[in-house]
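Remarks on the structure that follows.
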Amino acid sequence: MEKNIAVIKGDGIGPEIVTEALKVLDTVGEKYGHKFHYTDVLMGGCAIDATGVPLPQETVDICLASDSVFLGAVGGPKWDTLPGNLRPEAGLLGIRGALKLFANIRPAKLIPALAGACPLKEEITKNGLDLVIVRELIGGAYFGKRSTTVDENGVKTAADTMAYSDYEVERICRVAFEMARKRRKKVHSVDKANVLDSSRLWREIAHKVAAEYPDVEFQDILVDNTAMQLVRNPSQFDVIVTENLFGDILSDEASMITGSLGMIPSASLGATALGLYEPIHGSAPDIAGQNKANPIATILSAAMMLRYSFNLGKEADEIELAVNSVMDAGYRTGDIMSEGMKLCSCTEMGDLIAAKIRT
Ligand code: NAD
């Protein structure tokens, strides 16, 4: 198989972690007979420096013409004082919109060798923790009508509208049910239907889609209860589907209970196979250029790309197994280092994972 991948290395640790992930991808490619062609494109702070804007049109065009988009991270203090529409993060929102990526997929999985980094008690995590949050990404309160007004008495009021249309709910629910079919066949749909109209529509449509997937166990759950259950009994979850704002909060909570920011990948998907793959962490300017960053979240994002955009499940498994095996052997970057483990650099971690795949 041959695939064209648009690569956004970005800012801070972005170039370091992406280099390691591409090293791992090429190793898998060599082993299984695939060829990945990379085209470097600019986005974020480096794009502002080179072109004056965070998302040049050329980047959008190349991403749209590619089979997939792979991203390190963008942003940094150098660009923090720019107006909102010219900041590196505007590039991130812009590319998601331009590629019509409406589903954000964030797995939260406890790697056994890192169980010590999990802040939950062992009696809670002994049954394992392996869930995926499917978050609606381009609707709800973040994209609804907003206003700030001052009335005649000087009272200032701000409002953000959480609006969803039936088709938006239906397409994200389908992503969740399809994903559940490839996993443990269980979907929780999260809403606040006891209070919000948008959630009542969400629930109605979620039930309609669920009826088409009789092989998948389905349950509604209120968002407040979900927040509680994630720390009380996270093993009960397989796939959680929810709207944008609830998903933003719950996915950070779920990431936290697995231990380290440097370990968690993500995928943003739309209606086609073209997806955007990136680690959940930022550009870590405090350690940029020091060869200290943990490349594993980015390497696992490459595994997600193989699985979801290229349908190469076996190759994705190979990367995930190699990561587990290097963890089991006791190698750690600084962010996940603990007593008795072997400290290694970003480059060494990439080399170890690639070498494991080769053997
Ligand atoms: P951050 O995730 O970059 O860093 C938070 C802390 O975690 C830092 O101490 C950092 O050193 C550490 N860290 C993060 N990733 C690591 C890794 N792979 N290995 C080792 N340590 C790691 O968050 P921040 O400091 O709040 O933000 C820094 C910049 O990144 C900001 O400009 C922010 O806007 C941007 N950001 C970008 C994205 C993105 O590109 N998707 C996401 C979040 C933040």
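Keep in mind that what you see is a predicted model, and the values were worked out from it rather than measured.
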Does a sphere of radius 6.0 Å around [atom1] in [X] hold more than 12 heavy atoms from other residues, nucleotides or ligands, not counting ones at 6.0 Å or beyond?
| X | atom1 | answer |
| --- | --- | --- |
| R200 | CZ | yes |
| K356 | NZ | no |
| E212 | CD | yes |
| N311 | CG | no |
| E58 | CD | no |
| K31 | NZ | yes |
| K208 | NZ | no |
| K109 | NZ | no |

Side chain to side chain, [X] and [Y], heavy atoms closer than 4.5 Å:
| X | Y | result |
| --- | --- | --- |
| V323 | E320 | no |
| F218 | V209 | no |
| I95 | C63 | yes |
| V69 | I8 | yes |
| L64 | L99 | yes |
| I257 | V231 | yes |
| V190 | W202 | no |
| L42 | I48 | no |

If you round to the nearest 0.5 Å, how far is [atom2] of [Y] from [atom1] of [X]?
| X | Y | atom1 | atom2 | value |
| --- | --- | --- | --- | --- |
| I240 | M179 | CD1 | CE | 13.0 Å |
| K126 | E123 | NZ | CD | 7.0 Å |
| E20 | L352 | CD | CG | 10.0 Å |
| M304 | S68 | CE | OG | 11.5 Å |
| S268 | L101 | OG | CG | 5.5 Å |
| L196 | R203 | CG | CZ | 11.0 Å |

Steps toward side chain to side chain donor-acceptor pair (under 3.5 Å) verdict (Y331, E348): CA-CA 9 Å; Y331 293 100; E348 284 163 345; over 6 Å; no
Would you say the side-chain atoms of [X] and [Y] include a donor-acceptor pair closer than 3.5 Å?
| X | Y | value |
| --- | --- | --- |
| N4 | Y38 | no |
| Q57 | D61 | yes |
| H188 | D220 | no |
| R106 | S255 | yes |

Candidate pair N233 and Q229, rule side chain to side chain donor-acceptor pair (under 3.5 Å), full reasoning: CA-CA 5 Å; N233 178 17; Q229 295 298 333; 5.1 Å; no
Row check, F102 ring normal vs R171 NZ/CZ: under 6.0 Å, within 45°: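 Yes, a cation-pi geometry.
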Would you name the heavy atoms of [X] and [Y] that are closest together and state the gap between them?
| X | Y | result |
| --- | --- | --- |
| V175 | V134 | CG1-CG1, 4.1 Å |
| P279 | S301 | N-OG, 3.4 Å |
| Y164 | N244 | OH-N, 3.1 Å |
| A293 | C346 | O-CB, 3.1 Å |
| S345 | T333 | O-CG2, 4.1 Å |
| F36 | L25 | CE1-O, 3.5 Å |

Is a side-chain N or O of [X] found less than 3.5 angstrom from the main chain of [Y], in a donor-acceptor match?
| X | Y | value |
| --- | --- | --- |
| R146 | A159 | no |
| D11 | G75 | yes |
| T272 | L274 | yes |
| S198 | A163 | no |
| S309 | A273 | yes |
| T59 | L55 | no |

For the pair [X] and [Y], find out whether any cationic side-chain nitrogen is under 4.0 Å from an anionic carboxylate oxygen.
| X | Y | result |
| --- | --- | --- |
| R184 | E217 | no |
| R183 | D130 | yes |
| E89 | R87 | yes |

From [options], residue fulfilling side-chain contact (heavy atoms from CB on, under 4.5 Å) relative to [X]:
| X | options | result |
| --- | --- | --- |
| T226 | D191, I249, I221 | I221 |
| E278 | L92, V18, T298 | L92 |
| N294 | H281, M337, M263, R332 | M263 |
| V241 | V132, V187, V169, I133 | V187 |

Stepwise side chain to side chain donor-acceptor pair (under 3.5 Å) test for N291 and T347: CA-CA 7 Å; N291 200 13; T347 322; 2.7 Å; yes
Pair K23-D351, salt bridge (Lys or Arg N to Asp or Glu O under 4.0 Å): steps then yes or no: CA-CA 8 Å; K23 184 189 285 175; D351 286 342; 2.6 Å; yes
Criterion salt bridge (Lys or Arg N to Asp or Glu O under 4.0 Å) on E315 and R307, from CA distance to verdict: CA-CA 8 Å; E315 289 82 340; R307 180 170 288 122; over 6 Å; no
Working for salt bridge (Lys or Arg N to Asp or Glu O under 4.0 Å), residues D215 and K185: CA-CA 7 Å; D215 52 319; K185 296 193 170 55; 5.4 Å; no
Centroid-centroid under 6.0 Å between Y308 and Y277 rings: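 For Y308 and Y277, the ring centres are not under 6.0 Å apart.
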Worked verdict on D224 versus K192 for salt bridge (Lys or Arg N to Asp or Glu O under 4.0 Å): CA-CA 8 Å; D224 37 355; K192 189 69 183 168; 2.9 Å; yes
